[in-house]
Amino acid sequence: MMLQTQLADLIHKAARKAQKKGDLPKFELPEITINRAKREGQGDFSSALALQIIRPVNNARKEKGERTLSPLQVAEIIARRMDQVDFVSKVEPAKPGFLNLTIDPGWLAAQAGEITRVGAEYFQVELGKGERVQVEFVSANPTGPLHFGGARNAAIGDTLARLLENSGYEVQREYYINDRGAQVDIFGETLWRRYQQLHGIETDIPEDGYPGAYMIDYARAIQAERGDSLLALSDEEAVPRFRGMGLALVTAELADDLGMMRVFFDNWFSEQSLYEDGTFEHVSAILRDQGDLYLKDDAVWFAASKYLPKSDRDEVFIRSNGEPGYYASDIAYHYNKFITRGFDRVIDVWAVDHQNQAARMPAMLKALGIDPDRLIVVLYDLVTLKRGGKEVKLSKRSGEIVTMREVLEEVGPDAARYLLLSRSNEARIDFDIDLAVAESSENPVYYVQYAHARVSSILRKAEEAGVDYTNADLSLLTCPEELALLQKMLQLPEIVTEAVQRLAPHHLPHYALDLAKTFTKFYDACRVLSADPADREITHARLTLVRATQIELAYVLDLMGMNAPEVM
RNA sequence: GCGCCCGUAGCUCAGUGGAGAGAGCGACAGUUUGCGGAACUGUAGGUCGCAGGUUCAAAUCCUGCCGGGCGUACCA
């Protein structure tokens, strides 16, 4: 159990006991929150419980005609009722009413041994209890290569999935393929025209088609496989054929590109399939039977406003041309997620320009009888690319785009993932290519990985020297840098909990940098390896601490989908 | 116009109810015959956009305003 949870339990029990024994009046206690101390002399953790409950305490006392208490006195009362435990060495009430707790240094030192014994599991928090959650992300239109903006989606979605997997959730990663509708029809037609052009036929691509050169590459791939055998097709025959072949090419390419980013999907879900397997029909029937659909201006509308008290906006369900609207697909898709496949929770990762769409999701879920809280849409802001201090446009009017692949080839997946994760979802990112490739101190990616390489180097040297530190006397770990490192290490479960509960993966890179920093300070202050026999014991203890650090650094890097290099 | 998000150190950003607001980079001044110097130490730098309010306690919650981004389709 997380240290803070244990401390909160301890204080809760003490307060309850004080109430039972009559030291404090009886009333429902608030949830106990534990804060990390910010400065020296305030212990390691604190609780402000006494301040929070001062009013009900004194109200009750006044009713009984008793004298009122100060928050500090209440803190003292709680402190007196606290159980003795091995991990807390000091409990100090402090003005104006805090309760400061100090972690026992001996217990702290012993955790280095626990970590080496248990491994990365030591840092895992059981939050999911086996809950099945789907993370749907990227889901870019399958009409061309992934542009670099999609890389942020990939980094966020995949890291959320990793966080959840390591916190007791059963996770599925899904890519939703928008393989039907006008967009892909035009894509198919463009491809067909490009194919014809390759064979010397004079024809233009559609006006609102896809002008990018990559379309010619796809046409070449088809040409390579089928030669000119498809030229005889009529337009009516060709467009769907080319649409299908193009989609297959693009999805294979998407999977390949995402693999470069170390992102792998468990499932690629076809939008079209919702219309082939009857889901759409079924959902339509449900809504129709509930009276949620109505006809207006030759289109069928879904009465979304019925389910959202603050909104008077309805959504087109079937357009006047007879084609289902995008929202209709979304209803069917989420019916499939929650009802057909029965996920307990679904996370959709969308760019912020889909904010309105996100706001409309609760209405459909309510109409389907699904608790809207089971779906969380994670919105993230856009990415701009910078090179030489200047912004590089991700997509140009010519149809050319800066692809995720070309950026990855330049900066590598580690730097890309770290930098794309390092800002909160709502913040816009300026991705500086020059910084991403810089092998210098200004690049945090290298600082973190370098710490791991350095740790590995020490352990490698120890192994070469045949040092066996398995039964080290960890009580020797007493200097400030050693204890600071241990404190920092034990913070990870809090960070992970925060990241999972708020679906905010940006806490990871910040923590990783912090951890690397704290280790490097220890490294600088405390010599680990020594040939002097007098240093034998302390060397063994410190090697245990270094090994524990290695386990944790590797784990944090893995949560971010990054490599933990032993040599750089 | 309306809706959502953002506004914190020179720059890039953490911090969403707890004590005196943090980190990285940059600037300045130092450190080093050892485990990887891609290092370490120190200094300077802030009306937390502005104004009210709630609270024992506000960068954090509420209201209004200012500035910026995004959105406001029978597109996905």
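Chain A is the first sequence line, chain B the second, and so forth, proteins listed ahead of strands; every chain is numbered from 1. Just so you know, these numbers come straight off a predicted model, no measurement behind them.
Counting non-hydrogen atoms under 4.0 angstrom, A/Glu481 reaches nothing in the nucleic acid. Base engagement by A/Gln42 is indicated by at least one non-hydrogen atom pair under 4.0 Å involving a base atom. Within 4.0 Å of A/Ala48, counting heavy atoms only, lies at least one base atom of the nucleic acid. Heavy atoms of A/Ala182 sit nowhere under 4.0 angstrom from any nucleic acid atom. A/Gln52 comes within 4.0 angstrom of a base, heavy atoms only. At a threshold of 4.0 angstrom between heavy atoms, the contacts of A/Asp297 include nucleobase atoms, whether or not backbone atoms are also involved. In this structure, A/Asn100 reaches the bases: a heavy-atom distance under 4.0 Å links it to at least one base atom across the strands shown.
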With the criterion being N/O to N/O and under 3.5 Å, what pairs connect the protein with nucleotides 67-70 of chain B, and how long is each?
unit_1, atom_1, unit_2, atom_2, d
B/G69, O2', A/Arg428, NH1, 2.9
B/C70, O2', A/Gln355, NE2, 3.4
B/C70, O2, A/Gln355, OE1, 3.2
B/C70, O2, A/Gln355, NE2, 3.2

Pairwise N/O distances under 3.5 Å, protein to nucleotides 40-43 of chain B:
unit_1, atom_1, unit_2, atom_2, d
B/C40, OP1, A/Tyr447, OH, 2.5
B/C40, OP1, A/Lys517, NZ, 3.4
B/C40, O2', A/Asp524, OD2, 3.0

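With sequence neighbours left out, the side-chain hydrogen bond (donor to acceptor under 3.5 Å, both in side chains) criterion links A/Arg288 to no other residue. Listed by chain and residue number, A/Glu498, A/Ala504 satisfy the side-chain contact (heavy atoms from CB on, under 4.5 Å) test with A/Arg502 (two or more places apart in sequence, or in another chain). Looking at residues two or more places apart in sequence or on another chain, you find a salt bridge (Lys or Arg N to Asp or Glu O under 4.0 Å) between A/Lys393 and A/Glu391. Not counting sequence neighbours, the partners of A/Ser305 by the side-chain hydrogen bond (donor to acceptor under 3.5 Å, both in side chains) test are A/Asp314. Contacts of A/Glu552 classified as side-chain hydrogen bond (donor to acceptor under 3.5 Å, both in side chains), with partners at least two apart in sequence or in another chain: A/Tyr511. For A/Gln491, the side-chain hydrogen bond (donor to acceptor under 3.5 Å, both in side chains) partners are A/Lys488, not counting sequence neighbours.
A close approach under 4.0 Å does occur between a side-chain nitrogen or oxygen of A/Ser424 and OP1 or OP2 of B/A14. For the pair A/Lys38 and B/A19, the criterion of a side-chain N or O lying under 4.0 Å from OP1 or OP2 is met.
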Acceptor/donor pairs from residues 531-538 of chain A side chains to any protein atom, 3.5 angstrom cut, sequence neighbours excluded:
unit_1, atom_1, unit_2, atom_2, d
A/Asp532, OD1, A/Ala534, N, 3.0
A/Asp535, OD2, A/Ser530, OG, 2.6

Side chains of residues 320-329 of chain A: which donor-acceptor partners sit under 3.5 Å, not counting sequence neighbours?
unit_1, atom_1, unit_2, atom_2, d
A/Asn321, OD1, A/Glu323, N, 2.8
A/Glu323, OE1, A/Arg180, NH2, 2.8
A/Tyr326, OH, A/Gln357, NE2, 3.4
A/Tyr327, OH, A/Arg360, O, 3.0
A/Ser329, OG, A/Glu271, OE2, 2.6
A/Ser329, OG, A/Tyr275, OH, 2.6

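In the model, A/His334 has a side-chain atom that pairs as donor or acceptor with a side-chain atom of A/Asp348 under 3.5 Å.
Between A/Asn141 and A/Leu379, the residue anchored nearer the 5' end of RNA chain B, judged by the nucleotide with its closest heavy atom, is A/Leu379. Ranked by how close their nearest RNA chain B nucleotide is to the 5' end, A/Arg313 and A/Lys95 are led by A/Lys95.
Counting only residues at least two apart or on different chains, the side chain to side chain donor-acceptor pair (under 3.5 Å) pairs with a member in residues 146-155 of chain A are A/Asn153-A/Tyr380.
For A/Leu51, the listed nucleotide lying nearest its side chain is B/G18; candidates were B/C35, B/A14, B/G18.
In RNA chain B, stems built from 3 or more consecutive Watson-Crick or G-U wobble pairs, each with both distances under 3.5 Å, span B:1-7 with B:66-72, B:10-13 with B:22-25, B:27-31 with B:39-43, B:49-53 with B:61-65.
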